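Before any comments, here is the structure.
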Amino acid sequence: CVKCGYHCGHPSYSYASEGVCKCNECGLASIHHWENGICKKCGGKCPHKNLGKNCVCKECGLVVHNYKVSSYYNGDSVCSRCKAKCSHTFVADGDNCVCTSCGKTRSHSMKWSATPIPNCVCEYCGKTYEHEYDPGTGMCNRCRNKCDHSLVRYNDFRCKCTKCGYATSHKWVEGKSGCLCSYCGFETTGHQFSVTWGSTTYYVSDYGKTTCSRCGAECKHSFSNCRCTICGLQAKHQWRNGVCTICKTACEHSHCNAKSTTECACYDCGTVLKHEWKKSGPFYVCTKCGYLTIKKPK
């Protein structure tokens with residue numbers, strides 16, 4: 001101040017012209033301090049009237065292209081002044097991406113991303129979407145990534161993914177007491193060695209097998225008269241001292257052959273037995289082997 005000597009602190013400026021801004025307090029003119037085409041002092045925007053090589057503004061130093069779509073460059077954006085091709089900086093704009101430099105729009109191009117959580121992310125603008133899985137294939141309709149599936153039991157025949165809804169048949173392996181699905185962990189209460197249709201039961205042994213038709217576990221046989229009550233296998237008696245070593249059945253000795261005048265031998269188990277006589281007319285007949293004699297046995 002010419003009167004009191006006060007020195008102006010230039011608290012604020014206003015845009016005066018392309019080259020200068022002016023202090024609102026004292027009117028002192030000052031050159032613009034440009035940053036990204038905006039003066040940090042007065043907030044004025046550079047008009048970019050004096051452009052040099054490669055569209056660099058000689059006033060503020062900002063690169064100022066005038067992009068237009070060019071068929072000569074395969075439909076991409078090219079500066080009408082210096083012919084520079086836009087390098088594109090895309091941001092999300094709804095279902096599309098838009099370039100902040102030239103305004104070009106394009107559809108999102110989705111790819112799989114592991115962070116921050118598994119998602120679809122546009123490789124141009126970075127917008128993320130949740131996966132849109134096809135439950136029939138387990139494939140994401142957006143990024144084509146295949147779901148890593150978290151399967152749980154859906155019913156006795158199938159398991160289902162909690163992420164994408166994909167359903168698949170159980171993959172059976174032998175469990176502790178039944179068939180165990182290696183996908184979802186569901187275990188049946190027992191193995192499947194037979195199927196009943198109507199009044200008829202069909203055993204796996206009817207088809208030459210002794211394994212579970214689901215998981216392939218071998219039957220732990222439980223025999224009754226040498227027929228397995230689980231898989232239906234019919235075994236041959238293995239006799240020892242008149243008792244089967246497999247099913248523990250005692251031989252009834254119903255098929256015997258005469259061995260001598262006093263003994264007969266069981267055809268089934270080989271046990272040697274004394275004749276059991278019965279009077280039949282003038283004869284004595286062994287009730288086991290049918291041996292006949294007229295003379296009364298001793």
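Keep in mind that what you see is a predicted model, and the values were worked out from it rather than measured.
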#### Entry: Single-linkage hydrophobic cluster Ile246~Leu233, side-chain heavy atoms < 4.5 angstrom
yes

I'd like to check the salt bridge (Lys or Arg N to Asp or Glu O under 4.0 Å) partners of [X]; sequence neighbours left out, ordered by chain and number.
X: Glu132; result: Arg142
X: Arg153; result: Asp156
X: Asp95; result: none
X: Lys41; result: none

How long is the gap from [atom1] on [X] to [atom2] on [Y], to the nearest 0.5 Å?
X: Tyr166; Y: Lys160; atom1: OH; atom2: NZ; answer: 13.0 Å
X: Asn96; Y: Lys104; atom1: CG; atom2: NZ; answer: 12.0 Å
X: Tyr124; Y: Lys111; atom1: OH; atom2: NZ; answer: 10.0 Å
X: Cys122; Y: Lys127; atom1: SG; atom2: NZ; answer: 9.5 Å
X: Lys45; Y: Cys39; atom1: NZ; atom2: SG; answer: 14.0 Å

### Query
Is the side chain of Ser194 donor-acceptor paired with the backbone N or O of Thr201 at a distance under 3.5 Å, no angle test?
no

### Message
Strictly distance-based, threshold 3.5 Å: is any side-chain N or O of Ser150 a donor or acceptor partner for the main-chain N or O of Thr162?
### Response
no

Which pair of heavy atoms, one from [X] and one from [Y], lies closest together, and at what distance?
X: Ala258; Y: Cys289; answer: N-CB, 3.7 Å
X: Cys46; Y: Cys60; answer: SG-SG, 3.8 Å
X: Cys99; Y: Cys102; answer: SG-N, 3.5 Å
X: Gly94; Y: His108; answer: O-NE2, 3.2 Å

### Task
Could you tell me which residues satisfy side-chain hydrogen bond (donor to acceptor under 3.5 Å, both in side chains) with Asp148, sequence neighbours excluded, listed by chain and number?
Lys163

### Query
What residues, two or more places apart in sequence or in another chain, satisfy side-chain hydrogen bond (donor to acceptor under 3.5 Å, both in side chains) together with Ser169?
none

Does any part of the side chain of [Y], heavy atoms only, come nearer than 4.5 Å to the side chain of [X], both counted from C-beta?
X: Glu130; Y: Asn119; answer: yes
X: Val91; Y: Val98; answer: yes
X: Cys219; Y: His191; answer: no

### Query
Do you see a donor-acceptor pair shorter than 3.5 Å between the side chains of Thr245 and Gln238?
no

Let me check something: any side-chain donor-acceptor pairs from residues 211-218 under 3.5 Å, sequence neighbours excluded? List them with distances.
from: Ser213; atom 1: OG; to: Gln192; atom 2: O; distance (Å): 3.2
from: Ser213; atom 1: OG; to: Gln192; atom 2: NE2; distance (Å): 3.0
from: Arg214; atom 1: NH1; to: Gln192; atom 2: OE1; distance (Å): 3.2
from: Arg214; atom 1: NH2; to: Gly190; atom 2: O; distance (Å): 3.0
from: Glu218; atom 1: OE2; to: Thr210; atom 2: OG1; distance (Å): 2.5

### Query
Relative to the ring of Tyr133, is the ring of His131 parallel (under 30°), tilted (30 to 60°) or perpendicular (over 60°)?
tilted

Would one find more than 12 heavy atoms of other residues, nucleotides or ligands at under 6.0 Å from atom [atom1] of [X]?
X: Arg144; atom1: CZ; result: yes
X: Lys209; atom1: NZ; result: no
X: Lys295; atom1: NZ; result: no

Which donor-acceptor pairs under 3.5 Å do the side chains of residues 173-187 make with protein atoms, sequence neighbours left out?
from: Ser182; atom 1: OG; to: Lys171; atom 2: O; distance (Å): 3.3
from: Glu187; atom 1: OE2; to: Lys176; atom 2: N; distance (Å): 2.9
from: Glu187; atom 1: OE2; to: Ser177; atom 2: N; distance (Å): 3.0
from: Glu187; atom 1: OE2; to: Gly178; atom 2: N; distance (Å): 3.2

#### Entry: Residues that His275 engages under ring-ring contact (aromatic ring centres under 6.0 Å, His included), provided they are two or more places apart
Trp277, Tyr291

### Query
Passes side-chain contact (heavy atoms from CB on, under 4.5 Å), Cys251 versus Thr271? Steps please.
CA-CA 9 Å; Cys251 182; Thr271 301; over 6 Å; no

### Query
Does any pair with a residue in residues 254-265 pass side-chain hydrogen bond (donor to acceptor under 3.5 Å, both in side chains), and if so which ones, sequence neighbours excluded?
His255-Asp268, Ser260-Thr262

## Note on the structure
Excluding Val285, membership of its hydrophobic cluster (Ile, Leu, Val, Met, Phe, Trp, Tyr; side-chain heavy atoms within less than 4.5 Å) reads Phe283, Leu292, Ile294

Would you list the atom pairs, donor with acceptor, under 3.5 Å between side chains in residues 220-231 and any protein atom, with sequence neighbours excluded?
from: Asn225; atom 1: OD1; to: His237; atom 2: NE2; distance (Å): 3.3
from: Arg227; atom 1: NH1; to: Gly232; atom 2: O; distance (Å): 3.0
from: Thr229; atom 1: OG1; to: Ser222; atom 2: O; distance (Å): 3.1

### Message
side-chain contact (heavy atoms from CB on, under 4.5 Å), that's the test. Do Ser101 and His88 meet it? Break it down for me.
### Response
CA-CA 6 Å; Ser101 299; His88 299 311; over 6 Å; no

